[in-house]
Amino acid sequence: VAPENQSKFYVRIHPAIKREDFSNLPEYLVDYFDLFKALLAEQPHCPEALLDDEFEAESGIKFGSHDLDSRRELAGHRALDMIDLREHYRSVDKIDDRPDVMRVDVYSFARHNAAYDNARNRSLGWR
Amino acid sequence: MLALSPEFESVQSFRASAQNAGSEFLERCFAALSDEASVLWDAEVAPHLDAFESKTAQSLRHNMEWLYLVRDRARAFREKHTEHLTDRDIREVADFADFVDALDLFDQATAGFPSLPTQLTTVKRLRKLRQLAVALAESIPGCLGIVQGSYYAPKVAELYIKVLGMISRWSQVKPYQIAPRDRSKSRVIQRAIADIVKTALCAVDRVVNSAEAKAIRRIQDEAPVEWEMAYQPGDVTNIDAIRSRLRQRGTGKSV
């Protein structure tokens, strides 16, 4: 078992996140992306558990995560939730935790609906 | 007289080339699979693929048998080894299976072509041609619908365009080739065939060139994604350092 503060997973970022998603996000949220990557590398199934209430209070952002509906097209994917005042943001990823793989693929990081649409396009090739 | 043999042979060779395209696809799909899956694929599907390749020059019916076999093997492989395949691989196997199903429907719709007897009178041949055109046109939504948006849609569409073109050419009989008492009847049938062919070509074009279909194909034609590797197991994540950096920067939100 890897010690704390070490990545337990491969974390891969879809190239379109930096190319397309970042330009539609507030600048301060783009800065948080490094944090999300680190959280996913350590604990992708419950990344928000690595953050304390104090950090949430300071940043003003509420963090969470959930599995996506198994009856919908993004079944098997997860979403990292960020609620900043009235705006909801999502980062959609897919975890492969087979021992010989251990990889998290991050497909999108955008406002709620756009994040799901982008993830669907990039993961499933829909348009 | 309606010339049958040379045209029909060209359709058969065209079908064979479409089927070859299918095996090229399987090669690509095979190359895209992970090493472990490749070994399995090698054992389970490749022998049948080799046999298929050696049969492509033979009759369409025989080729279809091999295509069914490869399709069923590919489907079984996908179901058994899903964990080794990427989403893209799985979709490509599904697209190939759809392509074989579409060829099957196309084959059924054109089954009447070899049985178009040359000894029929011109009007009777025209009537038979009209029946074939109707059967072909009716098969378009089902057949092209299966492959709509996939890599194979233009290939199946080309088969339709080719055969519809043949029907159109065969129906263009000069008045002097028809007995005087049949000329008005034949004109009516010729017009009906022209209408059916025109409508069918529009339907083919609509399916293949719809904006949605083009968009899906564009994605499929895109180069593989070049992922950016952010972390590997064992890398130091430095969550605390990132947090304190964010803290120092403040929220950055505009008030």
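Lettering of chains follows the sequences in order, A, B, ..., and the numbering in each one begins at 1. Any value given below was found using the heavy atoms of this structure, including those in side chains, with hydrogens, waters and symmetry copies removed. Predicted, not measured: the structure shown is a model, and the values here were computed from it.
- Of the possible donor and acceptor atoms, none in the side chain of Thr237(B) sits under 3.5 Å from a partner among the backbone N and O of Ser7(A).
- Tyr107(A) meets the ring-ring contact (aromatic ring centres under 6.0 Å, His included) test with His77(A), Trp227(B); sequence neighbours excluded.
- Counting non-hydrogen atoms of other residues, nucleotides and ligands closer than 6.0 Å to CG of Asp52(A) gives a total above 12.
- Atom CD1 of residue Ile239(B) and atom CZ of residue Phe55(A) lie 10.0 Å apart, to the nearest 0.5 angstrom.
- For chain B, no part of Val104(A) is nearby; none of its heavy atoms comes within less than 4.5 Å.
- Qualifying ring-ring contact (aromatic ring centres under 6.0 Å, His included) partners for Phe33(A), counting only residues two or more places apart in sequence or in other chains: Phe22(A), Phe109(A).
- Between Asp34(A) and Arg245(B), the closest side-chain pair of non-hydrogen atoms falls below 4.5 Å.
- At a threshold of 4.5 Å between non-hydrogen side-chain atoms, the residues Asn5(A) and Asn238(B) do not count as touching.
- The distance from atom CD of Glu54(A) to atom CZ of Arg243(B), rounded to the nearest 0.5 Å, is 7.5 Å.
- Between His14(A) and Glu228(B), the closest side-chain pair of non-hydrogen atoms is not below 4.5 Å.
- Between Lys37(A) and Asp235(B) no salt bridge is recorded (no basic side-chain N to carboxylate O distance below 4.0 Å).
- For chain B, the nearby parts of Leu50(A) are the backbone and the side chain; heavy atoms of each come within less than 4.5 Å.
- There is no contact between Leu40(A) and chain B, counting heavy-atom distances below 4.5 Å.
- Put simply, the side chain of Phe9(A) does not reach to within 4.5 Å of the side chain of Pro233(B), judged on heavy atoms.
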